Amino acid sequence: MSWRDQLWQYCANPENFPTIVVKYDNDYVAINDQYPKSKKHFLVMPRKRIGLKDLTKQDIPMILEMEKMGSSLIQDNQEFKMGFHAVPSMNQLHLHVISVDHVSTCLKLKKHYLSFTTDFFVPVDTMIDLPSIDIEKYEALLKGKLVCHHCKQEFKTMPKLKQHLEEIYK
DNA sequence: GTTCTAGAAC
DNA sequence: GTTCTAGAAC
Ligand SMILES: Nc1ncnc2c1ncn2[C@@H]1O[C@H](COP(=O)(O)O)[C@@H](O)[C@H]1O
């Protein structure tokens, strides 16, 4: 199995991963991201095999159901964001449901941080318009400056940014 | 996506 | 000398 297909196993056999799968029904699965990029980080997926590039108008209700399962995982008073990476690495369609802190040991690279804090992160409401994705344009966003999403301060290295995030979200 | 690690940057 | 980033992985 290619590493790009690793998320599919949770959709095909959710009962085989009781410590990773947090919720599932006939059509959708929610898991704990195995390399969380915040204190809380879930992925919600449809159980049918489908990728971001396959989405059509007919899939809009499915996207909204994914959002619904995402909402069911979080409390009203918690600060989360929900969206898709414009250019995902993993093939199976997955909605990121992630707390806004970005405090996590798995957050290591500049592109990790920028993939959640720039337009590379496409919210559900934008995705249901089925935007055409210019891959080069979106990948360029991952090479931008490191700016704290909370207070707009710029940092020269990831360790400095991470230290800052730990302070504001402690 | 991650791991590993060479060599750039400090 | 240590910290940090970035490119290969068959
Ligand atoms: N084996 C895995 N099991 C669960 N989640 C994973 C696995 N490998 C990668 N991930 C997560 O899957 C997400 C894929 O991100 P992306 O394709 O950029 O939207 C990332 O948040 C990874 O941390």
Side-chain angles (χ1 to χ4, degrees), chain A residues 1-14 16-24 28-55 59 63 66-67 69-70 73 80-124 126-127 131 133-149 153-169:
Chain A
M1 178 175 63
S2 160
W3 59 265
R4 288 185 181 274
D5 293 317
Q6 285 201 4
L7 295 181
W8 169 246
Q9 62 189 328
Y10 308 115
C11 303
N13 300 103
N16 288 359
F17 304 93
T19 62
I20 296 172
V21 171
V22 296
K23 188 170 196 170
Y24 70 95
Y28 303 95
V29 181
I31 67 165
N32 269 127
D33 193 293
Q34 289 303 279
Y35 304 92
K37 305 304 188 300
S38 278
K39 290 180 179 179
K40 295 275 173 62
H41 187 179
F42 308 105
L43 302 176
V44 177
M45 298 172 278
R47 292 188 60 184
K48 72 164 181 176
R49 200 162 192 145
I50 183 172
L52 188 76
K53 286 172 294 193
D54 305 322
L55 289 176
D59 299 309
I63 297 171
M66 290 167 70
E67 182 181 39
M69 185 175 275
L73 301 172
F80 273 77
K81 51 191 176 187
M82 286 197 241
F84 299 86
H85 279 161
V87 187
S89 295
M90 292 302 196
N91 289 332
Q92 179 67 2
L93 181 70
H94 53 281
L95 174 68
H96 291 273
V97 180
I98 186 165
S99 58
V100 298
D101 50 90
H102 294 301
V103 172
S104 172
T105 53
C106 295
L107 188 92
K108 294 174 176 169
L109 308 180
K110 197 171 155 178
K111 69 176 176 185
H112 289 154
Y113 183 70
L114 294 174
S115 73
F116 289 101
T117 57
T118 66
D119 287 343
F120 192 91
F121 190 74
V122 183
V124 173
T126 305
M127 192 52 75
I133 302 289
D134 178 341
I135 293 179
E136 285 194 7
K137 189 188 96 183
Y138 279 100
E139 286 186 336
L141 296 173
L142 304 180
K143 307 240 151 103
K145 287 186 172 177
L146 273 185
V147 176
C148 171
H149 60 291
Q153 191 180 338
E154 186 183 339
F155 293 88
K156 287 299 176 197
T157 67
M158 278 301 286
K160 294 236 161 66
L161 169 67
K162 285 169 64 74
Q163 187 182 16
H164 169 76
L165 293 174
E166 272 176 46
E167 279 161 21
I168 60 181
Y169 291 107

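Chain letters run A, B, ... following the sequence lines, proteins first, then strands; residues in each count from 1. Note that the structure is predicted; figures quoted are calculated from it, not measured.
With sequence neighbours left out, the salt bridge (Lys or Arg N to Asp or Glu O under 4.0 Å) criterion links Lys156(A) to Glu154(A). Take Gln163(A) and apply the side chain to side chain contact (heavy atoms under 4.5 Å, CB included) test, not counting sequence neighbours, and it matches Glu167(A). In this view, Asp101(A) satisfies the salt bridge (Lys or Arg N to Asp or Glu O under 4.0 Å) rule with no residue, not counting sequence neighbours. Not counting sequence neighbours, the partners of Phe17(A) by the side chain to side chain contact (heavy atoms under 4.5 Å, CB included) test are Gln9(A), Tyr10(A), Ile20(A), Val21(A). For Phe80(A), there are no ring pair (Phe, Tyr, Trp, His ring centres under 6.0 Å) partners, not counting sequence neighbours.
Judged as a side-chain hydrogen bond (donor to acceptor under 3.5 Å, both in side chains), the pairs with a partner in residues 109-120 of chain A (not counting sequence neighbours) are, in order, His85(A)-Ser115(A), Tyr113(A)-His149(A). Sorted by first and then second residue, the salt bridge (charged side-chain N to carboxylate O under 4.0 Å, His left out) pairs with a member in residues 2-13 of chain A read Asp5(A)-Arg49(A); sequence neighbours excluded.
Against DNA chain B, the stretch residues 87-103 of chain A makes heavy-atom approaches under 4.0 Å through Ser89(A), Met90(A). Across residues 35-50 of chain A, Tyr35(A), Lys37(A) each have a non-hydrogen atom less than 4.0 Å from an atom of DNA chain B (numbered order).
The CZ-C1' distance, from Arg4(A) to dG1(B), rounds to 8 Å in whole Å. Atom CD in Gln9(A) sits roughly 17 Å away from atom P in dG1(B) (whole-Å rounding).
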Please list, one pair per line, the donor and acceptor atoms closer than 3.5 Å that link side chains of residues 134-146 of chain A to other protein atoms, with sequence neighbours excluded.
from, atom 1, to, atom 2, distance (Å)
Asp134(A), OD1, Glu136(A), N, 3.3
Asp134(A), OD1, Lys137(A), N, 3.3

Treat primed atoms plus P, OP1 and OP2 as sugar-phosphate and everything else as base, then score nucleotides 2-10 of chain C 5' to 3': B for base contact with protein heavy atoms under 4.0 Å, S for sugar-phosphate contact only, - for none.
-> --SS-----
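Within the 3.5 Å criterion, the main-chain N or O of Pro36(A) finds a donor-acceptor partner in the side chain of Ser104(A). The main-chain N or O of Ile98(A) is never found under 3.5 Å from a side-chain atom of Ser38(A) such that the two would form a donor-acceptor pair.
In this structure, Lys37(A) fails the cation-pi test against Phe116(A), since its NZ or CZ atom is not both closer than 6.0 Å to the six-membered ring centre and inside 45 degrees of the ring normal.
Expressed to the nearest 0.5 Å, how far NZ of Lys162(A) lies from CZ of Phe155(A) amounts to 13.0 Å. In this structure, CG in Leu7(A) is found 5.0 Å from CE in Met90(A), a value given to the nearest 0.5 Å.
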Pairs under 3.5 Å (Watson-Crick or G-U), crossing ones as [ ], inter-strand ones as |: DNA chain C comes out as |||||||||.
